[in-house]
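We count residues from 1, following the sequence as given.
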Amino acid sequence: MDLQKLMELPGALAAFTYSDRGDLQSHVLREGTELTPQVLDLLARSCVANQAIAGLEARGWEALTGQAGFLPLHGFSVVGLEWSVV
């Protein structure tokens with residue numbers, strides 16, 4: 001993944017990669033941002049947790065409704081008042 005390319009997105013403050021366990025692997029921070037590598041590490045762990053919950057919900061929805069197509073997950077987004085994560 002090209003983190004520098006992601007940083008070209010309007011409003012991007014950081015771009016990062018993480019392992020499937022939530023360990024921060026690489027990152028780029030916009031100069032002057034309040035974000036730190038420590039915050040990105042916590043955010044990476046939050047992303048893994050949210051993906052696990054989304055997987056649980058998708059699997060449960062398919063099982064309970066008989067509808068397919070919710071899995072595999074392709075990502076998620078969290079929209080906040082000040083910051084959003086995709």
Side-chain angles (χ1 to χ4, degrees):
M1 179 171 294
D2 186 349
L3 298 182
Q4 290 298 337
K5 185 84 169 159
L6 290 173
M7 290 299 291
E8 294 174 9
L9 292 169
L13 298 178
F16 59 98
T17 61
Y18 54 89
S19 72
D20 60 355
R21 295 176 53 93
D23 297 318
L24 186 64
Q25 294 177 321
S26 61
H27 69 278
V28 178
L29 293 168
R30 172 92 50 224
E31 187 175 328
T33 183
E34 295 177 14
L35 296 172
T36 65
Q38 293 80 13
V39 169
L40 295 183
D41 181 66
L42 292 173
L43 185 55
R45 293 178 188 282
S46 176
C47 288
V48 169
N50 279 297
Q51 286 174 322
I53 291 167
L56 168 75
E57 291 171 343
R59 184 166 295 180
W61 187 255
E62 285 189 350
L64 291 174
T65 66
Q67 291 182 305
F70 295 96
L71 293 170
L73 297 175
H74 295 287
F76 73 97
S77 62
V78 177
V79 178
L81 296 175
E82 293 184 32
W83 296 345
S84 298
V85 176
V86 178

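Considering OG1 of Thr36 and CG of Leu43, their distance stands at 10.5 Å, rounded to 0.5 Å.
Here the closest non-hydrogen pair linking Ala14 and Leu35 is CB-CD1, 3.8 Å. Across all non-hydrogen atoms, the minimal contact from Arg45 to Arg21 is NH1-O, 3.7 Å. Closest heavy-atom contact between Ala58 and Leu73: CB-CD2, 4.2 Å. Closest heavy-atom contact between Gly22 and Ala44: O-CB, 3.5 Å.
Note on Phe16: it does not cluster hydrophobically with Leu42, by side-chain heavy-atom contacts below 4.5 Å among ILVMFWY residues. Connection of Leu56 to Phe70 is not established within any shared hydrophobic cluster, with ILVMFWY side chains joined at heavy-atom distances below 4.5 Å, either directly or through further cluster members. Hydrophobic clustering, with ILVMFWY side chains joined whenever heavy atoms are under 4.5 angstrom apart, groups Leu9 together with Met7. Residues Tyr18 and Val39 are members of one and the same hydrophobic cluster, defined by side-chain heavy-atom contacts under 4.5 angstrom among Ile, Leu, Val, Met, Phe, Trp and Tyr.
A donor-acceptor pair under 3.5 Å is absent between the side-chain atoms of Asp41 and the main chain of Pro37, judged by distance alone.
Side-chain contact check for His27 versus Thr17: every heavy-atom pair is 4.5 Å or farther apart. When side chains are defined from C-beta on, Arg59 counts as touching Leu71, because their heavy atoms get closer than 4.5 Å.
Other residues, nucleotides and ligands place more than 12 heavy atoms under 6.0 Å from the CD atom of Gln25.
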